Structures are given as C-alpha cells and as structure tokens.
Amino acid sequence: MRKILISKILDQIKIAIIEDGKLIHYFMEYEDIQQSIRGNIYKASIDKKAKGIDASFIDIGLGRSAFLSKFNPFQKEMSKSSGAYQISKDNFILVQAVSDYDPRKAPKVSDFIALPSKYCVIVSKPKFFGISKRIECQKERKRFSSLKKLSNKDCGIILRTSSINKKIKDIKNDITSTKKRWREILNDFRKNDSLGMLHQEKSILDNLVREFINDKTYIETDSRLVYNKLKKDLSKNIEIKLAIKNKEIFKKYHIEDEIKNIFFKKIKLKNGAFILVEEKEGLTVVDINSGSSLNNKKETLLNINKIAAIEISRQIVLRNLHGLILIDFIDVKRPKEKREIYKTLSESMKPDKSKHTILPMSKFGIIEMTRQKRGSKISNIISEKCLVCNGYGLIQDKVSVCYEILENILKNNIKGRVSIKINSTIYQNMKDILKKHKNNSDIKKIQFKLIEDFKPIYEQRELYEII
C-alpha cells in the first residue's frame, strides 16, 4: 500500500510518499511563493528581430525574456500526423513554460501546449488522439478507441497511464472538464490585449491528487485544512486520517532521518557497501563502493551492483536528479553480468514518471543515463550555498589558514605587538605553529596575542581578524 504523509506548518507544506516502507518521493512548497513556472501558460509577444535557428527570444510578461524552442514532449506519438499546432494572433503567441528561471540562462518555453489532468492530457494539436505507450494491453487500448471522437478542431487528446481499468464515464468527465479549461485559456488569449499568464500550474496538493493518489492509497495529515480539502476532492474509497494535534507524523513513521539523508553524499547499503552521489552543475556522478560487503565470502560483485542499482534508482527519483547521470559500477568482466546490472537499473526506473534514457554499460563499467527535468532538485529547494565553503562542500585546511594569517602579517612588515582574534577551531593550530617557529627571526620581532573566539565556524565567514 502507498502511504502519503502531509505535514503543514503555517504556509509550509511537506509531503512524503512511502512505498514498501521506503521513502520514494519528498516535496516541499510554500503556499505564498511560486517556486516554479513550469507548466504555466502565457500570452507572449514575438520579437521578430531576435529569431534564430528554430528558436527565438520572446516576452512572457515577467520582466525577462524567455527562450522559445521547438520542444514537444509527445514528438514520437505525433510523428505520423501532420498539421500546425501553433496558436497565434497578430504579434502574440500562446506558449507554455517547460523549464524554470536559471541564473545562467532564460527559461525555456514551447508553442506546443499540454494541459494535464487525472486521466488525460489536452494538447494543442487539432483532432489528435493518442494513448500512453505504457498502456500495452491491446484490449484496453481498443476499449479507449471510442474516446477518439472527443478530440476536435481546437485540441487533441492523449490518455494517460492512470486511465487503465477506469470507467469510460469517469475518463469522459475528466476530458470534458479539462477541455472546458482549455477553451477558457483560448478565449482569454483572444480577448486579452496584453501579454501575461493565462494559466498557472496547480498547487502541490492538486498535483498530488492528480499524479500519485490511487484507490490503494492511505493518507495521513496533521492539518485540518488539508484534511478537509482532500476529503472534498477525493473519492470515499480512499482512507484519509487526521493525525492527533501536535503529533509529528514524520517521526511516527521514522522517515525524518531519510529526509535528512537527501543532503548526504554517502548512502549506506545493508550489505556493507555504500554509494557516493556527487551533484554537480551540469551532471551527477554516482560511485559504488564495496565497503565491508566483501567480508561476507558469499557476497559477489554482481549482487553488490544489483542491490546498488535498485537503491540508485530510488535516490534519483527521491532527490529529483536530472540531466546527465553517470553511474560507475564496481567492475565486472562478463558481458552477461553487465547486461544483468543494466536490466536491474532499467526495471527499477520503470515507475519513474519523468522521461529517461539509459544506455548499456560501457567497457569501463559505467552506465550513462539522462533524465527529464521536472522541477528543481530537492537539494536546491531545501538548501542554500554555504558561506564558508562557497558551495564546494569543502573548507580550507586549518593549518593552511594559520599560515595565511602569518603571511598577511609578515609580508606586510607588521612589527611589535599584534593581537589576533581567532576562531576557536584553529586557535590551537596557531599556538602550535608559533611554538614550533618561536626561534625564527621574523617571528621573534613580533609579540603575538591570540584571542580565542568561540563563535561557531558556520556562523561566520572569516576565521580570524587582526586587531
């Protein structure tokens, strides 16, 4: 059974999704802050002078240009059909955000619009009808063929995986309500004279209802407001429980440590092996280490790699890693074993809703994969740059800091009495260095007075101050 825990404190909402006793998803959002523009639909103005190869920069009304690309998430499904899907009027165009603002580049938008709901996606492709590739049952696909007539000259329809085994009546109702919202967006686009947002992606709770809740879901929340909303929006078959007041539900299910571990590079496995996850700007590198697992003579490198592959797939989704991911497995020689590890990783990644591509293991024991960006990495949402290490995850060695202080004093020809207010973490190191070099002629010229500062290192950027 899938368990969903929802904790709300003031305007902060935290959601943890648990399956088979393990945390598989973690989300956090502030109600008054729009953390992402992904999925929002805008009326944008076209700058004809800024056109490039299959792309241009446009204004979506947020005070910063957006990059208009030919992005289409359903390119393969629509490859056999023809016809334009761009919606434009005068110097305006309807676009949808497919990536967020980034300090280095403009957000990416597309003139292909996809409006998702519980069972379908309404798309800006007239008269198109498609069914999710994940629905492999031919009997089920044939059952859905009667819905094709619901697509029209204004929009197309793609049935989502969640429509499997659902009543045609329920799917029809979902399509009808989503088409109604689509018509409202089109009317706003035609009537409004100014550019700006026409549709905002739903809140974290609405997305939860749409993407993760099924008939076998158990929900527990510590918020009366959340409880009332879900009771109203969900069917009576779904069990929703309101936790006792002041009861910390994350502690109750022992997942607080797992949430904290999202920040850690090292992930320990039960067999004694461990995984290292290094998140960089353009890619993520994952390394598997056998650790103490080989102390067990029955343990094999193949088994260690397969256990690691299952955990890595969970961590990729949990941490919302995206872009290029390189996984360095423990080296195995046999091609059959390499294929087995690849198959284990691929099977473990199947439930992931983000599109991903996994390549077979190379001769160096590395599997390369890419994963679609859907929102920000969890580490970016609930962490910030360290003022001490500048985001590197490392700080300067204590001894080298002491020599830096002495270089500052000696190279600037400071003589006589010098007082140094020094952080407590390096106070003893400085004392030892001065004692070691007490007979040095340069040191003898100066009377050092060390003033120990007990302020924690993480609360200050500077480790010392020459008074």
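From a predicted model like this one, the values you see are computed outputs, not experimental measurements.
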Derivation and outcome, salt bridge (Lys or Arg N to Asp or Glu O under 4.0 Å), residues D432 and K436 = CA-CA 6 Å; D432 293 342; K436 179 182 176 181; over 6 Å; no

Using only atom types and a distance under 3.5 Å, with no angle test, would you say the side chain of [X] pairs donor to acceptor with the backbone of [Y]?
X    : Y    : answer
K353 : E211 : yes
N305 : I330 : yes
Q96  : A114 : yes
H199 : M197 : no
K8   : L10  : yes
E140 : I164 : no
R134 : S162 : no
R319 : R314 : no
T221 : Y227 : no
K229 : R224 : no

Sidechain N-carboxylate O distance under 4.0 Å for [X], [Y]:
X    : Y    : result
K252 : E220 : yes
R210 : D206 : no
K333 : D331 : yes
K306 : E340 : yes
R371 : D352 : yes

Sequence neighbours excluded, every pair satisfying salt bridge (Lys or Arg N to Asp or Glu O under 4.0 Å) that has a member inside residues 260-274 =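 Passing the test, one end in residues 260-274: K265-E278.
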
message = Is it the case that the side chains of Y42 and N40 hold a donor-acceptor pair, with the cut-off being a distance below 3.5 Å and no angle test?
response =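 Side-chain D/A pair, N40 to Y42: present.
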
Greater than 12 external heavy atoms within 6.0 Å of [X]'s [atom1]:
X    : atom1 : result
K431 : NZ    : no
R334 : CZ    : no
K3   : NZ    : no
K166 : NZ    : yes

Are side-chain heavy atoms of [X] and [Y] found at a separation under 4.5 Å?
X    : Y    : result
L269 : I288 : no
M349 : I316 : yes
L345 : I358 : yes
K338 : V332 : yes
I135 : R141 : yes
S65  : I58  : no
L234 : I219 : yes
Y26  : I17  : no

message = Restricting to non-hydrogen atoms, name the atom on K172 and the atom on L147 that form the minimum distance, rounded to 0.1 Å.
response =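 Taking K172 first and L147 second, the nearest heavy atoms are CG-CD2, 3.5 Å.
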
query = Of all heavy-atom pairs between E368 and L326, which one has the smallest distance, and what is that distance?
reply =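 Looks like CG-CD2, 3.5 Å.
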
key: ring pair (Phe, Tyr, Trp, His ring centres under 6.0 Å): pairs with one or both residues in residues 306-351, sequence neighbours excluded   =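 Non-adjacent pairs meeting ring pair (Phe, Tyr, Trp, His ring centres under 6.0 Å): zero.
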
request  = Hey, could you give me the CZ/CD1 distance between F27 and I6, rounded to the nearest 0.5 Å?
outcome  =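 Rounded to the nearest 0.5 Å, the CZ-CD1 separation comes to 11.0 Å.
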
query = ring pair (Phe, Tyr, Trp, His ring centres under 6.0 Å) with F129: which residues, sequence neighbours excluded?
reply =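 Residues passing ring pair (Phe, Tyr, Trp, His ring centres under 6.0 Å) with F129: none at all.
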
request  = Please list, chain by chain and in numerical order, all residues satisfying ring pair (Phe, Tyr, Trp, His ring centres under 6.0 Å) with Y119, sequence neighbours excluded.
outcome  =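 Per chain and number, Y119 pairs via ring pair (Phe, Tyr, Trp, His ring centres under 6.0 Å) with no residue.
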
request  = Any chance you could lay out the side-chain contact (heavy atoms from CB on, under 4.5 Å) test for D328 and V286, step after step, and finish with the verdict?
outcome  = CA-CA 6 Å; D328 186 7; V286 183; over 6 Å; no

Qualifying side-chain hydrogen bond (donor to acceptor under 3.5 Å, both in side chains) pairs, either residue in residues 15-24, two or more places apart =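 For residues 15-24: R2-E19.
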
inquiry  = List the residues meeting side-chain hydrogen bond (donor to acceptor under 3.5 Å, both in side chains) with S424, not counting sequence neighbours, and say none if there are none.
reply    =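 Per chain and number, S424 pairs via side-chain hydrogen bond (donor to acceptor under 3.5 Å, both in side chains) with no residue.
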
